[in-house]
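For reference, the structure is listed below as structure tokens.
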Amino acid sequence: MVALALTPPSAERLRAVDEFLAEAWTDQARHDDRLRDLAVEVRFDRGVAHLTGEVGEPDDLRLVRDRVGRLAGVLAVWCRVRVGGRDPVVVDLGCGPTKQWPGNLGLDIFPAPGVDAVADLSSSLPLADDSVDVLFAVHILEHLIDFLPLVDEAHRVLRPGGVLHVMSPWWGHVNAVADPTHVRLLDVQTIKGICVQRPPGTPRWYPLHAGCDGASIFADLTPLPPGADGPSPSHLARFFA
């Protein structure tokens, strides 16, 4: 069963949850031989896990992501980890003047400090196929009448194993309707629809994580290659009603 908060938690409760998650992760990493020697730092901010550091193999990063994501209270797992000595290519979609991390490539329809390339996110992205490790779509989808073309473009430009991080206002919170430039209402079930309810032949996604804190929805999605198995019912049940 998936429980969604009707009201967002207070700042005090969020701080307490972050402290709990930090303690829980430290304890888990100490007692798991697979995690103990990995040079990955995990920081929690309002329920979002931020991963930095370096690992030798993609499987090491997948392991850390999975273990962090299984902690109760984690809403999303945002990752900027070097793999095999290579820095990840991270792109902020619709970043405006503020990027999620310094050094990200910023795309926006309007020029501004921090915008590296001007691009209309409702059409094609000026990025090559399989060229990006991490895409951030933070407070973007709700501004697009049809966001599926952008989601499909994200699938095209992400490398195998890459991740699309989504954050948008939850439809039940006033923030979803207070901004007159918002043209779409979203729910965690919207993410389920993206992953399992699209027509045959369209790009397919696997949900690594999805959640809602009563104000925003979060999703971490990775592209599924052609012919790959989709998420199992038990995996979907972790996030979706």
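For the numbers below, each heavy atom of this structure counts, side chains included, while hydrogens, waters and symmetry mates do not.
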Problem set entry | Single-linkage hydrophobic cluster Leu63~Val134, side-chain heavy atoms < 4.5 angstrom | no
Exercise. Rounded to the nearest 0.5 Å, what separation is found between the CZ atom of Arg34 and the CG atom of Asp32?
Worked result: 4.5 Å
Exercise. Any side-chain heavy atom of Leu121 sitting closer than 4.5 Å to one from Leu125?
Worked result: yes
Exercise. Between Ser131 and Leu127, is there a donor-acceptor pair closer than 3.5 Å when you use the side chain of the first and the backbone of the second?
Worked result: no
Problem set entry | Polar side-chain atom of Arg15 near backbone of Asp45 as donor-acceptor pair, under 3.5 Å | no
Seminar exercise, completed: By salt bridge (Lys or Arg N to Asp or Glu O under 4.0 Å), Asp146 pairs with (sequence neighbours left out) none
Exercise. Which heavy atom in Arg204 sits nearest to a heavy atom in Pro225, and how many Å separate them?
Worked result: NH1-O, 3.7 Å
Seminar exercise, completed: Of all heavy-atom pairs linking Leu221 and Pro207, the shortest is CD2-CA, 3.8 Å
Seminar exercise, completed: dist Ile109:CD1 -> Asp120:CG (nearest 0.5 Å) comes out at 4.0 Å
Problem set entry | Closest contact, heavy atoms only, Ala72 versus Leu21 | O-CD2, 3.3 Å
Seminar exercise, completed: Residue set satisfying side chain to side chain contact (heavy atoms under 4.5 Å, CB included) with Pro223, at least two apart, ordered chain then number -> His155, Leu158, Trp205
For this session: Specify whether Trp101 and Phe136 have parallel, tilted or perpendicular ring planes, treating 30° as the upper limit for parallel and 60° as the lower limit for perpendicular.
Result: perpendicular
Exercise. Would you call Arg156-Glu153 a salt bridge at under 4.0 Å N-O?
Worked result: yes
For this session: May I ask you to check whether over 12 heavy atoms, not counting those of Gln197, lie within 6.0 Å of atom CD?
Result: yes
Exercise. Looking at Ala49 and Val68, what are the two nearest heavy atoms and their distance?
Worked result: CB-CG1, 3.5 Å
Exercise. Stepwise, does the side chain to side chain contact (heavy atoms under 4.5 Å, CB included) test hold for Arg159 with Val132?
Worked result: CA-CA 6 Å; Arg159 292 187 173 116; Val132 177; 6.0 Å; no
For this session: Flag yes if Leu164 and Leu51 sit in one hydrophobic cluster, no otherwise; membership is Ile, Leu, Val, Met, Phe, Trp, Tyr, and two members link when side-chain heavy atoms are under 4.5 Å apart.
Result: no
Exercise. Side chain to side chain donor-acceptor pair (under 3.5 Å) with Asp37: which residues, sequence neighbours excluded?
Worked result: none
For this session: Kindly indicate, with the supporting measurements, whether the criterion side chain to side chain contact (heavy atoms under 4.5 Å, CB included) is fulfilled by His209 and Phe239.
Result: CA-CA 7 Å; His209 210 83; Phe239 314 122; 3.9 Å; yes
Problem set entry | side chain to side chain contact (heavy atoms under 4.5 Å, CB included) against Ile217, all qualifying residues, sequence neighbours excluded | Ser168, Trp170, Leu186, Val188, Ile191, Cys212
For this session: May I ask you to test the Asp179-His143 pair for a side-chain heavy-atom distance under 4.5 Å?
Result: yes
Problem set entry | Single-linkage hydrophobic cluster Tyr206~Val196, side-chain heavy atoms < 4.5 angstrom | no
Exercise. Heavy atoms, side chains only, cut-off 4.5 Å: are Val166 and Leu141 in contact?
Worked result: yes
Seminar exercise, completed: Asp229 meets the side chain to side chain donor-acceptor pair (under 3.5 Å) criterion, sequence neighbours left out, with none
Exercise. Yes or no on side chain to side chain contact (heavy atoms under 4.5 Å, CB included) for Leu185 and Val177, after CA distance, side-chain angles and deciding distance?
Worked result: CA-CA 8 Å; Leu185 297 176; Val177 295; 4.1 Å; yes
Exercise. Should Val40 and Val55 count as side-chain neighbours, where that means a heavy-atom distance under 4.5 Å?
Worked result: yes
Exercise. Taking only residues two or more places apart in sequence, or in another chain, which ones meet Asp66 in a salt bridge (Lys or Arg N to Asp or Glu O under 4.0 Å)?
Worked result: Arg70
For this session: Using atom types as modelled and distance alone, determine if a side-chain donor or acceptor of Asp213 lies under 3.5 Å from a backbone N or O of Leu75.
Result: no
Exercise. Distance-only, no hydrogens or angles: does the Asp60 side chain make a donor-acceptor pair with backbone N or O of Glu57 under 3.5 Å?
Worked result: yes
For this session: Please determine if Asp152 and Arg198 form a salt bridge, counting it only when a charged side-chain N lies under 4.0 Å from a carboxylate O.
Result: yes
For this session: For the pair Phe44 and Leu71, evaluate side chain to side chain contact (heavy atoms under 4.5 Å, CB included) and give the outcome as yes or no after the intermediate values.
Result: CA-CA 11 Å; Phe44 297 95; Leu71 296 176; 4.1 Å; yes
Exercise. In chain order, what residues pass the ring pair (Phe, Tyr, Trp, His ring centres under 6.0 Å) check against Phe147, with sequence neighbours excluded?
Worked result: none
Exercise. What about Leu14 and Val138, same hydrophobic cluster or not, with Ile/Leu/Val/Met/Phe/Trp/Tyr joined at side-chain heavy-atom distances under 4.5 Å?
Worked result: no
Problem set entry | Lys/Arg-Asp/Glu bridge criterion (N-O < 4.0 Å) met for Arg36, Asp33 | yes
Seminar exercise, completed: Nearest heavy-atom contact between Leu224 and Pro231 is CD1-CD, 4.3 Å
For this session: Check whether any side-chain heavy atom of Asp108 lies under 4.5 Å from a side-chain heavy atom of Val118, and answer yes or no.
Result: no
Problem set entry | Pairs satisfying ring-ring contact (aromatic ring centres under 6.0 Å, His included), at least one member in residues 10-36, at least two apart | none
For this session: State, with a plain yes or no, whether a side-chain heavy atom of Leu135 is found less than 4.5 Å away from one of His165.
Result: no
Problem set entry | Contacts of type salt bridge (Lys or Arg N to Asp or Glu O under 4.0 Å), residue Arg46, not counting sequence neighbours | none
Seminar exercise, completed: Residue set satisfying salt bridge (Lys or Arg N to Asp or Glu O under 4.0 Å) with Arg67, at least two apart, ordered chain then number -> none
Exercise. Looking only at heavy atoms, which two atoms of Ser216 and Met167 are closest? And how far apart?
Worked result: OG-CE, 3.7 Å
Please output the side-chain donor-acceptor pairs of residues 79-100 that fall under 3.5 Å, not counting sequence neighbours, one pair per line with the distance.
from, atom 1, to, atom 2, distance (Å)
Arg80, NH1, Asn104, OD1, 2.6
Arg82, NE, Glu54, OE1, 3.3
Arg82, NH1, Asp87, OD1, 2.7
Arg82, NH1, Asp87, OD2, 3.3
Arg82, NH2, Gly85, O, 2.6
Arg86, NH1, Asp133, OD2, 2.9
Arg86, NH2, Asp133, OD1, 2.9
Arg86, NH2, Asp133, OD2, 3.4
Asp92, OD2, Gln100, N, 2.9
Asp92, OD2, Asn104, ND2, 3.0
Lys99, NZ, Asn104, O, 2.7
Lys99, NZ, Gly114, O, 3.2
Lys99, NZ, Asp116, OD2, 2.7

For this session: Measure the shortest side-chain to side-chain distance between Val157 and Asp130 over non-hydrogen atoms and say whether it is less than 4.5 angstrom.
Result: no
Seminar exercise, completed: Contacts of His139 meeting ring pair (Phe, Tyr, Trp, His ring centres under 6.0 Å) (sequence neighbours excluded), chain-then-number -> none
For this session: Supply the atom-to-atom distance Leu208 CG to Cys195 SG, rounded to the nearest 0.5 angstrom.
Result: 9.0 Å
Exercise. Would a distance-only check, ignoring hydrogens and angles, find a side-chain to backbone donor-acceptor pair under 3.5 Å from His182 to Arg184?
Worked result: no
Exercise. What about Trp78 and Leu105, same hydrophobic cluster or not, with Ile/Leu/Val/Met/Phe/Trp/Tyr joined at side-chain heavy-atom distances under 4.5 Å?
Worked result: no
